Amino acid sequence: MKITETKIPAVKLIEPKVFGDERGFFMETWNEKAFREAGIDATFVQDNHSRSVKNTLRGLHYQIKQPQGKLVRVTRGEVFDVAVDLRSDSSTCGQWVGEYLSEKNNRMLWVPPGFAHGFLVTSDTADFQYKCTDFYAPEYERSIYWQDLQLRICWPLQKSLKPLISRKDQLAISYAEAEKF
Ligand SMILES: Cc1cn([C@H]2C[C@H](O)[C@@H](COP(=O)(O)OP(=O)(O)O[C@H]3O[C@H](C)C(=O)[C@H](O)[C@H]3O)O2)c(=O)[nH]c1=O
């Protein structure tokens, strides 16, 4: 398992070791000891699975109270996954990092508490599975606009195309308005 820092050091890219044979493959997708040794000391309380069609964009979400750390991966298709630093005391507050996660590259991303998170589906269908360090609390959930002019996230989306987003995300707020940690 290879765990490396992204350009925002607290956000880690995890590349599991894949053991292939004539039956198929095996890989560890969570190992408390290996993750702790790489600086990810997390306890998970909730596991989520969403399926989305191409050009769906979910996010950018976070919980202002009960913030969730998320260990995210894609088990079918591909997404462009984004984490935005909302930690007021961080030198990278207001910066974002994006990684392609897919069933082909088996890559996972550790998004710590204190970040907004979202993804754009770049394959026909994508199954997105992730572990959370705290429970879902809709009363504390916030949604930041995916095309916020200050964040300037480079989503891999054709210029003329609008993504498929939820009603909730259509009412998203700007990064400037968003409560920070
Ligand atoms: C997140 C969540 C949702 N729900 C229910 C609430 C709605 O009735 C339905 C769909 O929820 P929503 O449209 O908020 O789902 P996403 O847009 O995928 O939300 C997620 O999108 C981005 C990528 C995230 O990082 C968060 O994990 C999460 O906010 O599932 C639950 O019952 N439990 C949950 O933990």
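Note that ligands are numbered from 1 as they come in the structure, with each ligand's atoms numbered from 1 the same way. Since this is a predicted model, take the numbers as computed values, not measurements.
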Pick out the protein N or O atoms lying less than 3.5 Å from any N or O of ligand 1, and list each pair with its distance.
unit_1   : atom_1 : unit_2 : atom_2 : d
ligand 1 : 14 (O) : Lys168 : NZ     : 2.6
ligand 1 : 18 (O) : Arg58  : NH1    : 2.8
ligand 1 : 19 (O) : His61  : ND1    : 3.3
ligand 1 : 21 (O) : His61  : ND1    : 3.0
ligand 1 : 25 (O) : Lys70  : NZ     : 2.9
ligand 1 : 25 (O) : His117 : ND1    : 2.7
ligand 1 : 27 (O) : Tyr130 : OH     : 2.7
ligand 1 : 29 (O) : His61  : ND1    : 2.6
ligand 1 : 29 (O) : Glu141 : OE2    : 2.7
ligand 1 : 35 (O) : Gln46  : NE2    : 2.9

task = State whether Glu103 and Arg76 are salt-bridged, where the test is any N-O pair (Lys NZ or Arg NE/NH1/NH2 against Asp/Glu carboxylate O) under 4.0 Å.
result = no
task = For this output row, return yes or no: ring centroids of Trp30 and Phe44 closer than 6.0 angstrom.
result =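 Yes; Phe44 has its ring centre under 6.0 Å from that of Trp30.
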query = Which distance, rounded to the nearest 0.5 Å, do you find between the CG of Leu109 and the OH of Tyr100?
reply =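 Spacing of CG (Leu109) from OH (Tyr100) equals 14.0 Å.
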request  = Using modelled atom types only, decide if a donor and an acceptor are shared between the side chain of Trp96 and the backbone of Leu151 within a distance under 3.5 Å.
outcome  =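 Side chain of Trp96 to backbone of Leu151, a donor-acceptor pair under 3.5 Å: yes, one is there.
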Test ring pair (Phe, Tyr, Trp, His ring centres under 6.0 Å) applied to Tyr62 and Phe181, Tyr136, Tyr175, the passing residue = Phe181
ask   = Is the closest side-chain heavy-atom distance between Ile153 and Trp146 below 4.5 Å?
value =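 No. Closest side-chain heavy atoms not under 4.5 Å.
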